[in-house]
There are 2 protein chains.
Amino acid sequence: MQIHSEILENKGIRPSVQRVRIFKFLMKSKEHPTVEMIFNALLPEMPSLSRTTVYNTVELFKEVGLVQVLDFGRGVLRYDADLSPHSHFECERCGAVYDLDIKPQDISKKMPRGFKVHQTYFYVFGLCSHCKKNEKN
Amino acid sequence: MQIHSEILENKGIRPSVQRVRIFKFLMKSKEHPTVEMIFNALLPEMPSLSRTTVYNTVELFKEVGLVQVLDFGRGVLRYDADLSPHSHFECERCGAVYDLDIKPQDISKKMPRGFKVHQTYFYVFGLCSHCKKNEKN
DNA sequence: TTCTATATTTGTAATCATTACAAAATTAAA
DNA sequence: TTTAATTTTGTAATGATTACAAATATAGAA
Ligand SMILES: [Mn+2]
Ligand SMILES: [Mn+2]
Ligand SMILES: [Zn+2]
Ligand SMILES: [Zn+2]
């Protein structure tokens with residue numbers, strides 16, 4: 001309760017009710033939620049919440065470095081408050097996203113001369129164990 | 001001319017004029033073009049070309065395994081006829097896309113039990129050498 | 001070659017996630 | 001309080017992609 005709003009303040013943004021709730025949700029979620037998932041999850045407890053606020057907030061969080069944005073090429077962005085170096089797996093059957101304990105390889109040696117690296121993303125696609133099992137149809 | 005249409009036939013699709021032109025363009029392009037870029041490039045030489053045909057065609061190419069689709073999170077997809085294992089760099093300033101001679105690391109050992117890997121994508125973001133130089137504003 | 005069925009292309013309309021915008025509500029500070 | 005700045009909200013616009021059906025082209029039969 002306290003901790004979350006302090007984190008927001010440390011990033012120089014006002015810890016409004018909406019921002020704190022959205023941040024808390026992102027911190028505890030393991031599903032790398034979309035804006036729609038965040039909105040649907042919080043709506044029952046904050047009936048006046050606007051989708052636009054969720055969009056504004058995750059954009060703000062991205063800007064100040066509180067979340068990373070993941071794009072699995074499905075036309076929807078997903079958000080991850082875990083900023084430690086890790087990679088992501090998306091199941092092509094059920095759409096679930098899993099964390100992979102794989103640090104992006106060190107690429108500094110292999111970059112063309114004069115290039116500056118800011119961010120790296122490693123995406124893996126395939127079938128999760130559950131969908132692999134039921135690989136009938 | 002011949003070669004390209006044969007490649008399409010080998011994939012089981014009819015080498016129509018539009019498909020061959022689009023495929024040739026993708027083969028020689030180094031810029032990882034979007035649908036819009038393909039459309040604009042070919043329109044002068046085929047004035048009746050429809051954007052929809054470009055969309056249909058790149059989707060078909062993806063399905064039969066002639067191209068890979070890249071998503072740099074800008075809301076537009078880019079297409080790459082180079083299927084060899086390599087990675088991609090996008091300049092956050094100028095938006096240019098570069099090939100990186102980096103093979104995605106072998107991750108088979110690090111996958112959770114029962115998972116099946118189909119595809120991997122390694123994306124790097126930062127500044128290209130040209131934009132790094134002019135890093136004024 | 002013509003005919004006919006099938007495949008492809010085309011243009012337009014719909015979809016849908018995201019963004020723009022301005023009014024309403026909230027907050028901080030005077 | 002009063003006031004100014006910030007934030008939230010709802011609705012309208014945007015823009016890439018997809019759906020759809022009519023028009024065109026192609027392959028194969030006759
Ligand atoms: Mn994650
Ligand atoms: Mn490439
Ligand atoms: Zn699955
Ligand atoms: Zn650049």
Side-chain angles (χ1 to χ4, degrees), chain A residues 4-6 8-9 11-25 32-64 66-79 90 95 97, chain B residues 4-6 8-9 11-25 32-64 66-79 90 95 97:
Chain A
H4 292 91
S5 61
E6 281 168 16
L8 300 194
E9 280 175 336
K11 289 292 184 179
I13 65 179
R14 202 137 94 188
S16 70
V17 174
Q18 289 84 346
R19 285 172 183 169
V20 172
R21 290 274 183 81
I22 292 171
F23 184 55
K24 284 169 77 171
F25 181 79
H32 305 80
T34 65
V35 162
E36 194 63 23
M37 291 159 82
I38 300 169
F39 177 72
N40 289 329
L42 298 183
L43 194 56
E45 32 177 305
M46 6 181 15
S48 78
L49 181 64
S50 164
R51 221 178 302 263
T52 299
T53 299
V54 183
Y55 275 107
N56 291 341
T57 302
V58 293
E59 170 66 17
L60 180 65
F61 287 176
K62 180 191 75 179
E63 235 107 64
V64 302
L66 281 174
V67 300
Q68 61 172 323
V69 186
L70 304 177
D71 187 339
F72 292 91
R74 303 241 172 176
V76 213
L77 300 176
R78 310 190 74 135
Y79 295 86
E90 186 188 61
V97 172
Chain B
H4 292 91
S5 62
E6 280 168 16
L8 300 194
E9 280 176 335
K11 290 292 183 177
I13 65 179
R14 202 138 93 188
S16 71
V17 174
Q18 289 85 344
R19 286 172 182 168
V20 172
R21 290 274 183 80
I22 292 171
F23 184 55
K24 284 170 77 171
F25 181 79
H32 305 80
T34 65
V35 162
E36 194 64 23
M37 291 159 83
I38 299 169
F39 176 71
N40 289 328
L42 297 183
L43 195 56
E45 32 177 304
M46 3 180 18
S48 78
L49 181 64
S50 165
R51 222 178 303 262
T52 300
T53 299
V54 182
Y55 275 107
N56 291 342
T57 302
V58 294
E59 169 67 17
L60 180 65
F61 287 176
K62 180 191 75 179
E63 234 107 66
V64 302
L66 281 174
V67 301
Q68 62 173 321
V69 185
L70 304 178
D71 187 337
F72 292 91
R74 302 242 173 174
V76 214
L77 300 177
R78 310 191 74 136
Y79 296 86
E90 186 188 59
V97 172

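Per chain, numbering begins at 1; letters A, B, ... match sequence-line order. All values reported here derive from a predicted model rather than from experimental measurement.
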Specify the separation, in whole Å, of atom CD1 of Ile22(B) and atom P of dT9(C). 8 Å
Value for CG (Leu70(B)) from OG1 (Thr34(B)), rounded to nearest 0.5 Å, stands at 12.0 Å
Side chain proximity check, Leu8(A) to Leu66(A), heavy atoms < 4.5 angstrom: yes
Atom-pair distance (NZ on Lys11(B); P on dA7(C)), nearest Å: 21 Å
Extract from the structure each pairing of a protein N or O with an N or O of nucleotides 10-17 of chain D at less than 3.5 Å, listing the distance.
unit_1	atom_1	unit_2	atom_2	d
dG10(D)	N7	Thr52(A)	OG1	3.3
dG10(D)	O6	Thr52(A)	OG1	3.4
dT11(D)	O4	Thr52(A)	OG1	3.1
dA16(D)	O3'	Gly75(B)	O	3.2
dT17(D)	OP1	Leu77(B)	N	2.9
dT17(D)	OP2	Tyr55(B)	OH	2.9

Here the distance between atom P of dT8(D) and atom CG of Leu43(A), to the nearest Å, is 16 Å
Between Gln18(A) and dT26(C), does any side-chain N or O lie under 4.0 Å from OP1 or OP2? no
For the residue pair Asn56(A) and Gln18(A), establish whether any side-chain heavy-atom pair is separated by less than 4.5 Å. no
Ile13(B) CD1 to dT26(D) C1': how many Å, rounded? 15 Å
Can you check the Arg78(A) CZ to dT18(C) P distance for me, whole Å? 11 Å
Hey, does the side chain of Thr57(B) reach the backbone of Thr53(B) with a donor-acceptor pair shorter than 3.5 angstrom? yes
Between dT9(C) (P) and Phe39(B) (CZ): distance, integer Å: 14 Å
Determine whether a donor-acceptor pair (N or O, by modelled atom type, separation under 3.5 Å) exists between the side chain of Arg19(A) and the backbone of Arg14(A). yes
Write down the distance between CG (Leu8(A)) and P (dT7(D)), rounded to a whole number of angstrom. 11 Å
Closest approach of Arg74(B) and Glu90(B), non-hydrogen atoms and distance? NE-OE1, 3.0 Å
Any chance you could measure Tyr79(A), atom OH, to Lys62(A), atom NZ, to the nearest 0.5 Å? 7.0 Å
Grab the CG-P distance between Leu60(B) and dT18(D) for me, whole Å please. 13 Å
Applying a 4.0 Å non-hydrogen cut-off, can you work out what Ser16(A) is touching in the nucleic acid: base, sugar-phosphate, or nothing? sugar-phosphate
Respond yes when some side-chain nitrogen or oxygen of Arg14(B) is under 4.0 Å from OP1 or OP2 of dT26(D), and no when none is. no
